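Step one of this worksheet: look at the structure below.
This one's a predicted model, so the numbers in the text were calculated from it and none came from an experiment.
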Amino acid sequence: MKICKNKSELEATLQLLRNSGKTIGLVPTMGALHQGHASLLQRARQENDIVVSSVFVNPIQFNNPEDLQNYPRNFESDCKLLEENGCDLVFSPTVEEMYPKGESIEHFDFGSLEKVMEGKNRPGHFQGVGVIVSRLFKLIQPSTAYFGEKDFQQVAIIQNLVEQLHLPITIKPCPIIRESDGLALSSRNVLLTKDQRTLAPNIYKILYESKKKRHNTEVIELKKWVENEIEKYPQMKLEYFEIANSRTMQSIKTWSEASEQVGCIVVAFQKIRLIDNIRYDNNLK
């Protein structure tokens with residue numbers, strides 16, 4: 001596995017691969033890798049000649065400086081997981097390499113997609129995501145890129161980005177990977193205390209129960225039920241729970257408003273935000 005620290009080395013390496021007609025699968029990450037990332041790498045390995053991954057904690061997508069400072073980093077263990085799961089090339093640039101001093105920062109119009117949920121609660125977050133992903137796409141020029149559905153709204157943003165820029169890249173959303181107790185795998189899970197980690201699986205437990213109730217409960221009632229269930233745990237603070245059209249990410253008031261619906265939630269344990277979601281279809285998973 002080759003590690004590139006700068007753009008010129010990356011581009012030289014990739015040019016050789018492109019000249020030989022190899023297909024490139026990209027798995028962008030911010031490090032602190034876990035088995036959720038491993039599942040993305042494994043799928044990329046199955047579907048492409050070459051697997052490239054980026055490890056870069058992107059400062060401009062953090063609207064909270066303390067969150068950026070506390071974000072877990074362990075490049076050595078990241079490289080071990082990457083190599084074990086079939087990664088051929090890792091791009092791990094510095095902030096200065098990705099954002100040279102004096103260079104202007106792009107701006108994207110994501111419309112209503114970035115005005116709800118994560119976009120509303122983290123102003124500027126999706127602009128930061130759009131900038132780093134667009135730069136990675138232009139540098140690496142993958143045929144396919146893989147993103148986890150835990151960040152459901154982010155996937156919608158990236159699909160919109162590809163359409164805006166008319167990029168010949170296929171975006172493949174991949175299923176959420178969970179611990180045996182249901183907690184969605186996240187780099188932030190390592191920041192939880194023992195007590196918080198014991199409570200955290202209740203997030204998915206409540207989402208799963210809400211899915212069972214979906215066919216006999218109106219949207220507004222189901223939303224209130226989830227909110228009330230979370231409030232039973234004083235250590236868990238509900239930031240938001242929305243039932244939305246899974247294509248537009250806009251909240252719905254009745255099930256008939258959208259053919260596909262998703263319940264998106266963020267629960268905070270003090271300063272640690274855990275994000276999760278569940279699709280409201282007929283498949284109880």
Side-chain angles (χ1 to χ4, degrees), residues 28-30 32 36 57-72 105 107-133 147-161 173 176 183-189 191-192 196 199-200 202-204 206-207 210 219-220 222-253 257-258 261-280:
T29 84
M30 291 208 301
V57 181
N58 180 33
I60 69 168
Q61 72 183 66
F62 287 82
N63 62 318
N64 182 342
E66 192 173 351
D67 190 22
L68 172 61
Q69 183 180 346
N70 293 335
Y71 194 84
I105 300 292
H107 179 82
F108 299 98
D109 182 4
F110 295 117
S112 58
L113 274 179
E114 66 174 336
K115 292 181 171 66
V116 295
M117 294 187 283
E118 287 299 276
K120 181 180 178 181
N121 284 266
R122 300 175 69 186
H125 169 65
F126 285 131
Q127 286 298 318
V129 170
V131 171
I132 188 59
V133 172
F147 295 87
E149 285 192 328
K150 180 178 70 69
D151 299 297
F152 200 93
Q153 189 177 6
Q154 176 176 277
V155 174
I157 288 283
I158 291 164
Q159 289 171 326
N160 182 281
L161 176 74
I176 298 172
L183 179 64
L185 291 183
S186 168
S187 300
R188 288 182 168 86
N189 290 353
L191 301 174
L192 297 170
Q196 290 169 341
L199 287 170
N202 286 297
I203 300 169
Y204 181 63
I206 292 166
L207 288 179
S210 78
V219 171
I220 294 171
L222 190 62
K223 189 170 181 289
K224 189 63 180 175
W225 181 85
V226 169
E227 292 169 351
N228 289 340
E229 289 299 301
I230 293 291
E231 286 174 5
K232 290 179 180 178
Y233 300 91
Q235 302 93 326
M236 302 197 308
K237 181 184 177 184
L238 180 67
E239 192 170 300
Y240 66 78
F241 173 65
E242 295 292 344
I243 299 176
N245 181 319
S246 62
R247 296 181 184 276
T248 67
M249 303 311 300
Q250 302 307 297
S251 297
I252 60 173
K253 293 182 179 179
E257 284 182 49
Q261 315 95 11
V262 62
C264 297
I265 195 167
V266 169
V267 174
F269 288 88
Q270 295 179 331
K271 296 178 182 178
I272 304 163
R273 299 173 80 250
L274 298 185
I275 188 169
D276 205 345
N277 65 74
I278 195 164
R279 290 176 180 267
Y280 290 113

Please enumerate all residues that pass side-chain hydrogen bond (donor to acceptor under 3.5 Å, both in side chains) together with [X], with sequence neighbours excluded.
X: Asp67; result: Arg188
X: Asn202; result: Tyr233
X: Gln69; result: none
X: Gln154; result: none

Looking only at non-hydrogen atoms, find the nearest pair between [X] and [Y] and report the distance.
X: Leu185; Y: Gly36; result: CD1-N, 3.4 Å
X: Pro72; Y: Ala32; result: O-CB, 3.5 Å
X: Met249; Y: Ser246; result: SD-O, 3.9 Å
X: Gln250; Y: Ser112; result: NE2-O, 3.1 Å
X: Leu238; Y: Val266; result: CD1-O, 3.7 Å
X: Ala258; Y: Asn245; result: CB-ND2, 3.5 Å

Using the salt bridge (Lys or Arg N to Asp or Glu O under 4.0 Å) criterion, which residues pair with [X]? Sequence neighbours excluded.
X: Lys150; answer: none
X: Glu227; answer: Lys223
X: Lys115; answer: none

State, yes or no, whether a side-chain contact exists between [X] and [Y] at a heavy-atom distance under 4.5 Å.
X: Ile265; Y: Ile278; result: no
X: Pro65; Y: Leu68; result: no
X: Ile272; Y: Gln196; result: yes
X: Met30; Y: Ser187; result: no
X: Ile275; Y: Glu118; result: yes

Subject >> Qualifying residues under ring pair (Phe, Tyr, Trp, His ring centres under 6.0 Å), relative to Phe269, sequence neighbours excluded >> reply: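 With neighbours one apart ignored, the set is empty.
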Subject >> Qualifying residues under ring pair (Phe, Tyr, Trp, His ring centres under 6.0 Å), relative to Phe62, sequence neighbours excluded >> reply: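 Listed in chain order: Tyr71.
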Do [X] side-chain atoms and [Y] backbone N/O form a donor-acceptor pair below 3.5 Å?
X: Asn64; Y: Arg122; result: no
X: Gln127; Y: Phe108; result: yes
X: Asn277; Y: Val262; result: no
X: Asn121; Y: Met117; result: yes
X: Gln153; Y: Leu113; result: yes

Would you compute the distance between atom [atom1] of [X] and atom [atom2] of [Y] and round it to the nearest 0.5 angstrom?
X: Ile60; Y: Ile132; atom1: CD1; atom2: CD1; value: 7.0 Å
X: Asp276; Y: Phe152; atom1: CG; atom2: CZ; value: 12.0 Å
X: Thr248; Y: Glu257; atom1: OG1; atom2: CD; value: 9.5 Å
X: Arg279; Y: Cys264; atom1: CZ; atom2: SG; value: 10.0 Å
X: Leu199; Y: Leu183; atom1: CG; atom2: CG; value: 11.0 Å
X: Asp151; Y: Ser186; atom1: CG; atom2: OG; value: 8.0 Å

Original post:
Any salt bridge (charged side-chain N to carboxylate O under 4.0 Å, His left out) pairs touching residues 236-246, not counting sequence neighbours?
Top reply: Glu239-Arg273
Subject >> Polar side chain donor-acceptor pair, Tyr280 to Ser210, under 3.5 angstrom >> reply: yes
Original post:
Taking only residues two or more places apart in sequence, or in another chain, which ones meet Glu231 in a side chain to side chain contact (heavy atoms under 4.5 Å, CB included)?
Top reply: Asn228
Subject >> By side chain to side chain contact (heavy atoms under 4.5 Å, CB included) - contacts of Gln159 (at least two apart) >> reply: Val155, Ile171, Pro173
Subject >> Candidate pair Leu192 and Leu274, rule side-chain contact (heavy atoms from CB on, under 4.5 Å), full reasoning >> reply: CA-CA 10 Å; Leu192 297 170; Leu274 298 185; 4.1 Å; yes
